[in-house]
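Notes for the one structure printed next.
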Amino acid sequence: MHYFEYIKGELHCEGIPISRITEKVGTPFYLYSYKTLVRHFNVFNEAFQGISHLVCYSMKANSNLALIRLFASLGGGVDVVSGGELYRALKGGADPRQIVFSGVGKKEEEIEFALKSGILMFNVESSMELRAIDGVAGRINKKAPIAIRVNPDIDAKTHPYITTGLKQNKFGIDILRAPMAYRLASELPNLKVVGIDCHLGSQLVEVEPFVDALKKLRRLVDSLRKEGMEIRYLDLGGGLGITYNDEEPPDPVEYASSILDQIRSFDCTLILEPGRVIVGNAGILVSRVLYTKENEEKRFIIVDAAMNDLVRPSYYGSFHQVLPVKKENREEIVADVVGPVCESADFLAKGRKIQKLHPGELIAVMSAGAYGFSMSTNYNSRPRVAEVLVRDDEMHVIRKREGYEDLIRGEKIPKFLLESTLKG
Ligand SMILES: *Cc1c(COP(=O)(O)O)cnc(C)c1O
């Protein structure tokens with residue numbers, strides 16, 4: 001459910017025709033619908049009403065300050081995976097007491113920053129990391145709240161790059177070794193065990209993996225409690241999938257209702273870390289057709305957005321719907337929608353049926369709100385695109401388009417090269 005709709009043949013975001021936004025900001029740009037973001041957050045949050053819980057938005061899906069601010073204003077916390085994300089979360093107005101810090105490779109300075117900020121807890125992924133956090137906490141006279149991220153060895157049945165809960169993945173501590181890690185944690189003087197965590201992967205379209213993981217965690221929590229450990233927080237991670245094409249993931253209410261009984265039996269405060277399900281279908285990428293061309297085998301629509309702006313199709317082979325911003329009564333063709341980057345992997349869609357398009361016309365790449373802008377780069381020295389938030393009939397630029405100066409910020413030609421004479 002989202003607020004991108006055709007009205008009289010033109011795609012609108014809430015009350016604004018997309019072509020009008022294009023006149024103000026140029027192309028390409030990411031476009032988010034405020035109403036959709038609010039709706040998705042609230043539906044997810046309310047699905048767990050009745051039990052003590054905290055929704056920590058997983059900000060790597062989309063880390064724009066305006067979105068952080070929005071979710072914080074709706075009562076959300078944040079799941080961060082780096083010092084940079086923590087910095088952004090705080091700048092966006094998130095309450096540090098509602099921030100969890102995940103990730104396999106936290107550095108000492110990141111740990112110190114998080115401790116000084118007073119975050120809710122660290123989700124710890126190795127015994128060495130336990131010792132590192134203990135060391136930093138001791139040095140600055142703090143007690144570090146920790147949960148251990150358990151790897152339950154469960155197949156999330158998603159893309160191999162985004163499955164994280166299998167033994168062969170780098171994430172978490174193997175469930176059989178977790179009791180040892182917990183014992184270590186409770187012996188280290190500057191740590192305080194407060195919870196247990198797991199995250200199975202991303203774009204999960206079934207509830208079984210969650211149900212199975214909870215069963216395994218349940219047995220572990222029982223035995224930890226018998227050993228006198230206090231497990232107050234159960235962090236189930238994120239990973240609920242969305243519809244890009246014809247996937248039929250459970251909606252947040254079905255997801256919640258199929259795990260709520262199990263969750264209640266833990267007698268914990270539940271933490272959830274949704275990313276994609278909140279922002280994925282609340283954003284699109286708008287791009288302009290530059291050229292079209294064809295040969296005996298193929299037709300290409302060359303647009304001004306590329307893999308550096310939206311890497312999911314080339315990186316994961318992901319499907320994104322591509323829609324013409326203005327529907328015309330024209331013949332349909334089958335074409336590859338490609339960008340200007342010098343890589344054959346630079347495509348947004350392949351072999352796609354779409355109305356014939358002419359240069360200058362606009363397309364919308366749908367479901368691009370998650371892992372879109374946040375994974376974008378400057379490859380081919382392409383300035384990163386603008387981000388726009390629409391609310392009713394207002395539009396707000398929440399990140400301005402980069403310029404050429406941004407591309408060389410921080411770069412420096414060493415003196416010895418400046419002194420050498422230029423040939424030619
Ligand atoms: C990426 C990630 C999430 C969010 O995953 P989604 O599929 O976007 O919901 C949550 N928790 C952790 C630890 C992650 O790495």
Side-chain angles (χ1 to χ4, degrees), residues 37 40-41 43-45 47-48 54-63 67-68 71 76-82 84-86 89 98-106 110 114 119-126 129 146-152 154 156-166 169-173 195-207 209-210 213 217 233-244 247 249-252 255-256 259 270-283 312 315-316 318 367-375:
L37 292 166
H40 286 180
F41 183 89
V43 166
F44 193 94
N45 196 22
F48 292 91
L54 176 64
V55 175
C56 290
Y57 167 61
S58 182
M59 67 177 281
K60 75 177 190 288
N62 189 319
S63 45
L67 270 60
I68 304 291
F71 298 135
V78 189
D79 166 43
V80 305
V81 294
S82 70
E85 283 198 351
L86 176 57
Q98 297 190 329
I99 293 179
V100 296
F101 193 166
S102 307
V104 288
K106 303 175 192 78
E110 294 176 312
I119 65 162
L120 177 61
M121 67 182 189
F122 293 87
N123 287 332
V124 181
E125 307 215 15
S126 64
E129 186 192 334
I146 65 106
I148 285 179
R149 176 167 175 181
V150 173
N151 183 326
I154 280 176
K157 303 192 190 90
T158 182
H159 190 283
Y161 288 7
I162 49 177
T163 197
T164 58
L166 280 174
N169 304 132
K170 68 177 177 180
F171 296 101
I173 294 181
I196 190 165
D197 167 50
C198 90
H199 170 72
L200 301 174
S202 199
Q203 185 56 12
L204 274 68
V205 294
E206 290 168 25
V207 291
F210 294 106
L217 290 189
Y233 297 105
L234 166 64
D235 185 339
L236 191 53
L240 189 58
I242 62 170
T243 302
Y244 286 98
E247 303 90 339
D251 66 40
Y255 165 68
I259 55 174
L270 176 66
I271 295 175
L272 296 144
E273 302 170 348
R276 189 189 309 270
V277 71
I278 308 286
V279 295
N281 278 318
R312 298 188 69 259
Y315 187 49
Y316 303 116
S318 308
S367 313
Y371 307 104
F373 188 91
S374 64
M375 289 181 88

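Please read these numbers as outputs of a predicted model, since none were measured by experiment. Whatever order the structure lists ligands and atoms in, that order sets their numbers, starting from 1. Residue indices begin at 1 and follow the sequence shown.
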* Asked: Can D235 and Y233 be said to form a side-chain contact (heavy atoms from CB on, under 4.5 Å), step by step?
  -> CA-CA 6 Å; D235 185 339; Y233 297 105; 5.8 Å; no

* Asked: Just by distance, do the side chain of T164 and the backbone of L200 share a donor-acceptor pair under 3.5 Å?
  -> yes

* Structure fact -> side-chain contact (heavy atoms from CB on, under 4.5 Å) filter on Y316, not counting sequence neighbours, yields H159, Y161, I162, R312, S318, M375

Name each N or O atom in ligand 1 that is under 3.5 Å from a protein N or O, and give the partner atom and the distance.
unit_1: ligand 1; atom_1: 7 (O); unit_2: S202; atom_2: OG; d: 2.3
unit_1: ligand 1; atom_1: 7 (O); unit_2: G239; atom_2: N; d: 3.4
unit_1: ligand 1; atom_1: 8 (O); unit_2: R276; atom_2: N; d: 2.8
unit_1: ligand 1; atom_1: 8 (O); unit_2: Y371; atom_2: OH; d: 2.6
unit_1: ligand 1; atom_1: 9 (O); unit_2: G239; atom_2: N; d: 2.8
unit_1: ligand 1; atom_1: 9 (O); unit_2: G275; atom_2: N; d: 2.9
unit_1: ligand 1; atom_1: 11 (N); unit_2: D79; atom_2: OD2; d: 3.2
unit_1: ligand 1; atom_1: 11 (N); unit_2: H199; atom_2: ND1; d: 3.4
unit_1: ligand 1; atom_1: 11 (N); unit_2: E273; atom_2: OE1; d: 2.6
unit_1: ligand 1; atom_1: 15 (O); unit_2: K60; atom_2: NZ; d: 2.7

* Structure fact -> Residue set satisfying salt bridge (Lys or Arg N to Asp or Glu O under 4.0 Å) with E85, at least two apart, ordered chain then number -> none

* Could you check E273 against D197 for side-chain contact (heavy atoms from CB on, under 4.5 Å), going step by step and ending with a plain yes or no? => CA-CA 10 Å; E273 302 170 348; D197 167 50; 4.1 Å; yes

* Asked: With sequence neighbours left out, what residues match E206 under salt bridge (Lys or Arg N to Asp or Glu O under 4.0 Å)?
  -> K157

